Asks: 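Here it is: the structure, laid out below.
Here the structure is a predicted model, which means the values were calculated and not measured.
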Amino acid sequence: MEIEGKVAVITGGASGLGAANVQHLQAAGAKVAILDVNADAGNALAAQSGGNAVFIHTDVTDADHTEAAITRVYDTLGAVHIAINCAGIGTPGRVLSRQGPLPLETFDRVIRINLIGTFNVIRLAAARMQANEPNAEGERGVIINTASIAAFEGQIGQPAYAASKAGVVGMTLPIARELAAVGIRVMTIAPGIFDTPMLAGLPEPVRESLGASVPFPPRLGRPDEFASLARYIIESPMLNGETIRLDGALRMAPR
């Protein structure tokens, strides 16, 4: 799908991987809707767009709230062609700790944001995409989800995060198979250790150590590298129903 002139919805678009996608797609000529709970960062990013982006405060775990956001995108920008799901949290927690069993609400919150929130946006974006005029390939839309290499090698203390991202990987193929009938592609990117707000609070020696654990290149991934891959996926019609690892050959140790 050509990006110029298209309308993209990006969840978690106010920072990190999402913000990098906002900037890349704008540079390619798309109009972008930034969906996030961080109003200050979202409005600031939209203000830098020269009128090619709007911010919509959105809780992806709330069905009605998200439906209203997607409707506003359609009413404001005229269509939905691309959806990139970057909203997520990485709350750690062992099953058993000195404080006792992991609180069920902690596990539930991670699953609701990372997995259910992703599905919520998929279903609502696809409902709008199916009405688009198909291009020469018969394509009406592209959906890209964010998983993690934790989906494959979850570490101790990551049961909720690993489960949520494994769920994103697991639903990619069946949804791609279903939406193929209406010309919508579905892909997932599983990044390794990236320089995002999740890691921003760590001491620099810890960040350097994490980067050095990557075989090559031995550093943290950059958000613009994620966005470059997302752009390539959008522009490559044969990419569908697959999860691509973006990790520098990193395989996570147990801890």
Side-chain angles (χ1 to χ4, degrees), residues 1-4 6 8-30 32 34-36 38 41-42 45 48-49 52-53 82-90 114 118 142-155 158 161-162 164-165 168-169 172 185-202 204 206-253:
M1 173 178 287
E2 291 186 5
I3 295 173
E4 186 172 3
K6 299 302 190 296
V9 171
I10 301 176
T11 72
S15 64
L17 302 179
N21 278 288
V22 170
Q23 293 163 343
H24 270 241
L25 293 185
Q26 282 180 332
V32 182
I34 304 165
L35 275 55
D36 206 299
N38 188 334
L45 186 59
Q48 300 169 11
S49 71
N52 288 327
I82 299 162
I84 303 180
N85 285 298
C86 293
I89 59 172
N114 294 0
T118 294
V142 181
I143 297 170
I144 300 174
N145 306 311
T146 304
S148 167
I149 60 172
F152 310 103
E153 299 113 32
Q155 295 184 294
Q158 288 186 326
Y161 185 70
S164 69
K165 296 303 187 177
V168 172
V169 171
T172 299
R185 292 188 290 118
V186 183
M187 288 286 292
T188 293
I189 300 173
I193 304 174
F194 270 64
D195 191 5
T196 66
M198 285 188 185
L199 299 184
L202 295 177
E204 190 57 32
V206 175
R207 287 162 50 85
E208 290 178 359
S209 176
L210 287 171
S213 69
V214 180
F216 190 85
R219 59 168 173 79
L220 299 178
R222 301 179 184 123
D224 68 295
E225 292 172 317
F226 181 100
S228 292
L229 177 55
R231 176 173 177 173
Y232 182 77
I233 289 170
I234 294 166
E235 295 176 331
S236 303
M238 192 56 74
L239 286 175
N240 194 17
E242 184 57 274
T243 297
I244 299 175
R245 293 182 65 129
L246 187 64
D247 59 18
L250 176 65
R251 299 297 181 267
M252 301 291 282

Asks: Is the side chain of T172 donor-acceptor paired with the backbone N or O of V168 at a distance under 3.5 Å, no angle test?
Replies: yes
Asks: Considering all heavy atoms of both residues, which atom of V169 and which atom of A147 are nearest to each other, and what is their separation?
Replies: CG2-CB, 3.6 Å
Asks: Does the side chain of I144 reach to within under 4.5 Å of the side chain of N21, using non-hydrogen atoms?
Replies: no
Asks: Say you draw a straight line from CD1 of I84 to CG of L17; how long is it, rounded to the nearest 0.5 Å?
Replies: 10.5 Å
Asks: Would you name the heavy atoms of V22 and G13 that are closest together and state the gap between them?
Replies: CG2-O, 3.6 Å
Asks: What residues, two or more places apart in sequence or in another chain, satisfy side chain to side chain contact (heavy atoms under 4.5 Å, CB included) together with S213?
Replies: I193, L250
Asks: Once rounded to the nearest 0.5 Å, what's the spacing between atom CD1 of I234 and atom CG of L229?
Replies: 10.0 Å
Asks: If you count every heavy atom of other residues, nucleotides or ligands that lies below 6.0 Å from E208 atom CD, does the total exceed 12?
Replies: yes
Asks: Using a cut-off of 6.0 Å, state whether more than 12 heavy atoms not belonging to E204 lie near its atom CD.
Replies: yes
Asks: If you round to the nearest 0.5 Å, how far is CD1 of I189 from CD of E225?
Replies: 11.5 Å
Asks: Find the distance between CG (L25) and OG (S49) and round it off to the nearest 0.5 Å.
Replies: 12.5 Å
Asks: Less than 4.0 angstrom from a charged side-chain N to a carboxylate O is my criterion; do E235 and R231 meet it?
Replies: yes
Asks: With a 4.5 Å cut-off on side-chain heavy atoms, are T196 and F226 touching?
Replies: no
Asks: Show the nearest heavy-atom pair for residues P197 and G16, with the distance to one decimal.
Replies: CD-CA, 3.7 Å
Asks: Output yes when a side-chain donor or acceptor of N38 lies under 3.5 Å from a complementary backbone atom of A14, and no otherwise.
Replies: no
Asks: Which residue in the set V32, I34, L35 passes side chain to side chain contact (heavy atoms under 4.5 Å, CB included) when paired with I10?
Replies: V32
Asks: Taking D247 for the side chain and P191 for the main chain, is one N or O donor matched with an acceptor at less than 3.5 Å?
Replies: no
Asks: Under 4.0 Å between a Lys/Arg side-chain N and an Asp/Glu carboxylate O for R207 and D195?
Replies: yes
Asks: Ignoring hydrogens, what is the shortest heavy-atom contact between I3 and A28? Give both atom names and the distance.
Replies: CG2-CB, 3.6 Å
Asks: For N85, run the side-chain hydrogen bond (donor to acceptor under 3.5 Å, both in side chains) check against T118, T188, N145, T146 and tell me which one passes.
Replies: N145
Asks: Enter the distance from K165:NZ to I149:CD1 here, rounded to the nearest 0.5 Å.
Replies: 12.5 Å
Asks: Quick one: closest heavy-atom pair of P237 and R185, and the distance?
Replies: O-CD, 3.0 Å
Asks: For residues A150 and A162, report the shortest heavy-atom separation together with the two atoms involved.
Replies: O-CB, 3.3 Å
Asks: CD of E4 to NZ of K6: how many Å apart, nearest 0.5 Å?
Replies: 8.5 Å
Asks: Tell me whether S148 contacts the main-chain N or O of A190 through its side chain, where contact means a donor paired with an acceptor under 3.5 Å.
Replies: no
Asks: What pairs with Q155 under side chain to side chain contact (heavy atoms under 4.5 Å, CB included), at least two apart in sequence or on another chain?
Replies: Q158, M252
